Amino acid sequence: MASLQQARTRLWTPKHVLITRSAAEHSHAAEIVARCEAAGVTDIDFLRSDRITGLRGDDERATYARAKSTLAVVVSPPSKRKLQPIPPSADWRLDLAEGCPAHCQYCYLAGSLSGPPVTRVYADLHDILAGMDDYVGRGGVTSSTTERAHEGTTFEASCYTDPLGIEHVTGSLAAAVAHVGTHDFGGRVQLRATTKFAAVEPLLVLPHGGRTRIRVSVNADGVAARFEGGTDPVAARLTGLGRLARAGYPVGLTIAPIMPVEGWQDGYGAMLDAAAAELDGVPGLDLTVECITHRFTPGSRDVLTAWYPRTKLEMDPEQRSRKFGKYGSVKYVYQRDDMHKLRTWFDTALQERLPRARALYWT
Ligand code: SF4
């Protein structure tokens, strides 16, 4: 039986911090700067305009390295303030930031964000949170379905970032959790976030009111160790999950991206056993599971192979089945037989190893 690597956690500290002129007018920018200074960042630059420059290096590698080590503090673009649906995870996407400092070789952001992969955190956090009120009671995923209506209107904060991965230099996730936990929305609301990091300490003491569900994004150790650079080990993420559950948070596992690598049953089995051990005996445990198989688009494949030219990640369109989205966009997913094998195994393994978990979706 495979076992998980020993836990070890990390806190990302940017090398460079850029604050745009408009962002500097928001109090949350001052908090971010104070956090960065406390974390030892010395290269902090207040820009004269709202244009972020200086991210490009001499070649693709240098640009990648510079962008991944930069935190830009910006005001969210007006388009972000009009929330978008985000099925099957939640009613609405609530972005606190965009970009992530980790180096996952399959990162789904590669296909959705353009330009150098800098992390942009939004200084207008208070306006973003105030904007949630208008969406309460609306939405097509949890608000309007019988099975998930009890979750209330759901807001997903990790579509375009890993909010816990940047928390110690931003404080944005804690502010959102406390806001959702204490604000009178006039209806049920749930904030959702998923993470590959383990530094949950600042969240444990917050007045979360049971209204934030934190999931850890987990994988077989072999997949995580090979493809998830700059993240915390799966064992550490699960320890964090146990601590959150004991602090009364609804929690979850986002098992993603599922890959049928050699020995996958052992690897995923060990991860599920470790999750069960961490959550054993948690009173009133509220645990969900989301399963997402690996997929890629022609665009994400191009970006990822440029970022990680030596990757061993299988992204061969010939081995995959095509799935067409809106407007003719294509995604490459596993072939029907592989998908069936994976799904059948996970259905049984989850029932056996985590019988208290509620499965939300498989994709
Ligand atoms: S942690 Fe998530 S958002 Fe960050 S690089 Fe990995 S997959 Fe991308």
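Remember, it's 1-based here, ligands and their atoms both numbered in the order they're listed. Predicted model only: the values in this text are computed from it and were never measured.
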Protein-derived N, O or S atoms lying less than 2.8 Å from atom 8 (Fe) of ligand 1, waters not counted, sum to 1

Only one of Lys323, Arg322, Arg320 forms a side chain to side chain contact (heavy atoms under 4.5 Å, CB included) with Lys331, so which one is it?
Lys323

Do the rings of His179 and His183 sit parallel, tilted or perpendicular, given the 30° and 60° boundaries?
parallel

Which residue pairs satisfy the side chain to side chain donor-acceptor pair (under 3.5 Å) criterion with at least one member in residues 36-60, sequence neighbours excluded?
His16-Asp43, Ser22-Asp50

Does the side chain of Glu290 reach to within under 4.5 Å of the side chain of Ser89, using non-hydrogen atoms?
yes

Measure the acute angle between the ring planes of Trp362 and Phe346, then classify it against the limits of 30° and 60° as parallel, tilted or perpendicular.
tilted

How long is the gap from CG on Leu238 to CG on Asp273, to the nearest 0.5 Å?
11.0 Å

